[in-house]
Amino acid sequence: MAVDYAGQPCDYDAIYAIARKHGLAVLDDACHAFGGHYKNRPVGTLADVNTFSLHPVKHMTTGEGGVITTESAAMAQAMRVFRNHGITTDHRQRSEQGGFFYEMVSLGYNYRLTDFQAALGLSQLKKLPEWIAKRQAIAHMYDAALAGIPAVAPLAVRPEVGHGYHLYMVQCDLAQLTADRAEIFQALRAEGLGVNVHYIPVHAPVLPPKLWHGRGRLPCGRSGL
Ligand SMILES: *Cc1c(COP(=O)(O)O)cnc(C)c1O
């Protein structure tokens with residue numbers, strides 16, 4: 001599972017080299033990377049399964065919900081069944097077939113987007129290219145503005161990608177600054193800038209502390225907050 005963190009697509013050639021060696025499928029959490037691309041291929045086509053969130057903070061919204069893209073017909077059918085209580089056909093398909101038969105083939109959930117939400121999503125989709133371009137233009141303004149400040153380094157953008165800019169990340173060299181992270185956060189918020197810490201580590205406190213230590217584990221834990 002790869003996350004296109006901040007909006008920059010991962011290096012999928014490198015990820016697929018590992019996946020093929022071990023017979024693994026690749027999932028792209030593309031929630032940050034609407035409008036991005038990798039080696040001229042658009043986000044949404046980079047992995048076997050690609051997921052987008054339509055939560056209100058994202059590039060476009062349906063209130064809640066999301067979109068999954070895949071080239072696999074079998075995967076698409078399995079997801080349609082899963083979102084519909086594990087039932088093989090929906091009402092529309094049954095009325096098109098003129099029959100009543102359906103089967104519950106697995107355990108599923110009601111993960112259906114409503115038609116009201118879909119209508120909002122379709123109208124948002126029309127505005128999406130303009131919004132993505134605006135995010136990229138704002139990011140370039142930040143690039144120019146921050147270029148003269150040695151203590152603040154924007155996250156580097158690799159040459160082979162197009163960045164979706166859900167977030168604009170900067171690394172602050174605290175050795176060169178008189179403020180710590182909390183003070184920088186407060187000062188920028190006081191200026192009306194919607195800065196945040198993306199993200200608090202997910203393993204604390206959801207995983208037991210015994211899993212935080214040892215080779216390959218996550219030693220920072222709560223103390224890292
Ligand atoms: C928003 C987001 C999610 C969660 O999306 P939901 O719609 O709440 O399920 C997952 N991953 C990333 C990277 C996100 O930005």
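Order of appearance sets the numbers: ligands from 1, and atoms from 1 within every ligand. Basis for what follows: all heavy atoms, side chains included, without hydrogens, waters or symmetry-related copies.
A donor-acceptor pair is defined here as one N or O able to donate and one able to accept, closer than 3.5 Å; such a pair exists between the side chain of Gln124 and the backbone of Thr61.
The contact set between ligand 1 and Lys58, taken as ligand atoms under 4.0 Å from a residue heavy atom, comprises 1 (C), 2 (C), 3 (C), 14 (C), 15 (O).
Using modelled atom types and a 3.5 Å distance limit, the side chains of Tyr12 and Asp28 yield a donor-acceptor pair. With hydrogens and angles left out, the side-chain atoms of Asn84 and Tyr109 include no donor and acceptor closer than 3.5 Å. For the 3.5 Å distance criterion, the side chains of Asp4 and Tyr38 fail to qualify, holding no donor opposite an acceptor.
Here the heavy atom of the protein found nearest to atom 6 (P) of ligand 1 is Ser53 OG, 3.5 Å. From the protein, the heavy atom lying nearest to atom 11 (N) of ligand 1 is Asp29 OD2, 2.7 Å.
Residue-to-ligand polar distances place His32 within reach of ligand 1: an N/O pair is separated by less than 3.5 Å.
Per-atom contact check: atom 9 (O) of ligand 1 does not touch the protein, criterion being a heavy-atom distance below 4.0 Å.
Both Tyr168 and Ile149 sit in one connected hydrophobic cluster of ILVMFWY residues. Membership requires side-chain heavy atoms under 4.5 Å apart, directly or through other members.
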